[in-house]
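The shown structure was predicted, so the numbers you read here are calculated from the model rather than taken from an experiment. We name chains A, B, ... by the order of the sequence lines, and we start the count at 1 in each one.
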Amino acid sequence: MKFTFGKKDKLKSQKLIERLFLEGKSVSAYPLRLVYLQTNFDDGSTLKTGVSVSKRNFKSAVHRNRIKRLLRESYRLNKRLYFNNITTSYALMILYIGKDKPDYDTVNTKMKTVLSSFLEKISRD
RNA sequence: CAAGUAAAUCGCCUUAUCGCUCUGCAUGAAAGUGUAGGGAGGAAAGUCCGAACACCAAAGUGCAACAUAGUGGUUAAUGGCCACCGGUCGUGAGAUUAGGAAAAGUGCAACAGAAAGCAAGUACAGGUUAAGCUGUAGUGAAAUCAGGUAAACUCUAUGUGGUGCAAUGUCAUGUAUACCAACGUUUGAGGGCUGCACGUUCGAUUGUUGGAGGGUAGACAGCUAAAGUGUAUUGGUAACAAUGCAUUCAGAUAAAUGAUAAGGGUCACGCCUUGGCGCGAUACAGAAUUCGGCUUAUAGAUUUACUUGUAAA
RNA sequence: GACUCGGUAGCUCAGCUGGUAGAGCAUAACACUUUUAAUGUUAGGGUCCUGGGUUCGAGCCCCAGCCGGGUCA
């Protein structure tokens, strides 16, 4: 798996996102929360991931964009370490639930903990 | 030199590594891969005006409603902009200004005051047969003249059909013209997107409201070459216009335009001291159909013109 | 994207066509009571969301902004 995060790896279907929030389970490591749902995709990709920041906590579009870019970047760099040997398909949504603007280091370390706890949880099930 | 006024411009840079999105070309059955190039703003914001464009009864008539309000110009258009006149503020450069009509009518004016209409008349002085008959004072934003007030109703002039890219068209997927209640309906219900009326047209597999539910919410076009941008000349006080030359400059859709590291620039502060060191800051803000304006936010930097004060020549 | 409603005391709200801003609850003091609660009397508390304008005078009228609700596929 490469360090890429292209169109096929992004979660885009509105229907699937609705189902994800209705039926999905979640793990969290403040200020991040990961919502996941086991499913199947038609185009052959194993994981589809989206990121989201609440408009309630961050009014400025610039700040929201900045946080989403940080989340996407840290997911892109870390996903090879965790999902290289994964077989089942999942839809993921990573939410930022904090109220302060983060820097890259905290997002990166928290991303690692939330991904590892996700792996632990699905291997237990 | 100090303080200020107006107008205009810019608003971080370089390198390395790893990425995102669009377009062209090559390759491939396809997914993709390789390669070349493009990729946020002066406000992209607020959605306050004006248009383009699209659809909606022949885009009908009247009323209502709303907007604007000195004069002239400018523009595709405007409630924007420019020039001039008048008012207000400032020593000044300048700033600001919804600035038509009170002899069409209706209303309003607290407190004070005799009185802010339709009825009266305070104090002092004068004056007369008599009398608010005359003058002054006093109250108040305004006091005998009928005035003020229209960002009070109103009148006058001018303008406005409605809805908005979630418009609209094509394709795909799925379904319920079902059920319950009330009211109405070939004696014309109801629809054709408007607040009302009229007119016109369609019109019987029946309409409206409420309840309780079912389904879709994908793709493509619209979608970016345009009242475009830069520059020069000419006309005009100016807004702006005309002509020549050059140029092609985002198109995403849970929504790209980035992340990390190093170095530099600019500004403020501190230290030594006159160019180094340290530390901090580097704004407001992120396209979503497209333009022209307006309004609001904005660290800091630059340029031009001018005013006032002080000093020197 | 298109519309619409509101902002007044610590809280919930009045204030309708402009003339010194009120009510209830809450707070404080006093009285009553052995004490508290309840009750009674009194007092304090307001940039009327912000900034301009019209007016002699704006909570109210006009303009611009800020904040918070709600509706429409």
Report each atom pair, protein N/O against N/O of nucleotides 216-220 of chain B, whose distance is under 3.5 angstrom.
{"residue": "B:G218", "atom": "OP2", "partner": "A:Gln14", "partner atom": "OE1", "Å": "3.3"}

- Do we see a donor-acceptor contact under 3.5 Å between the side chains of A:Tyr75 and A:Thr49? yes
In short, A:Lys110 meets A:Ala29 closest at the heavy-atom pair CD-O, 4.2 Å
Show the distances under 3.5 angstrom between N or O atoms of the protein and N or O atoms of nucleotides 258-263 of chain B.
{"residue": "B:G258", "atom": "N2", "partner": "A:Glu73", "partner atom": "OE2", "Å": "3.3"}
{"residue": "B:A259", "atom": "OP1", "partner": "A:Arg66", "partner atom": "NH1", "Å": "2.5"}

Under 3.5 Å between N/O atoms: give me all the protein pairs with nucleotides 25-29 of chain B, atom names plus distance.
none

*asked:* When the C1' atoms of B:G164 and B:G169 are compared, how many Å lie between them, rounded to an integer?
replied: 16 Å
The reported gap from OH in A:Tyr104 to OG in A:Ser74 (rounded to nearest 0.5 angstrom) is 6.0 Å
key: Integer angstrom distance from the P of B:G41 to that of B:A287   = 12 Å
- [ ] For B:C202 versus B:A58, give the span between their C1' atoms, rounded off to a whole number of Å.
- [x] 14 Å
When both distances are under 3.5 Å in a Watson-Crick or G-U wobble arrangement, the nucleotide paired with B:G138 is none
Closest non-hydrogen atoms of A:Arg64 and A:Val53, given as atom of the first, atom of the second and distance, are CD-O, 3.9 Å
- Query: Rounding to the closest angstrom, what is the interatomic distance between B:G79 and B:G72 at atom P?
  - Reply: 14 Å
Rounded to the nearest 0.5 Å, the CG atom of A:Leu32 sits from the CG atom of A:Leu71 at a distance of 6.0 Å
Separation of the P atoms in B:U168 and B:C84, to the nearest angstrom:
50 Å
Nearest-nucleotide check on RNA chain B, A:Ser52 vs A:His63; residue mapping nearer the 5' end is A:Ser52
Q) Is the centre of the A:Tyr90 ring less than 6.0 Å from the centre of the A:Phe118 ring? A) yes
Whole-Å distance, A:Met93 CE to B:A255 C1', equals 12 Å
Judged by whether its glycosidic angle lies within 90° of 0, B:G42 is syn
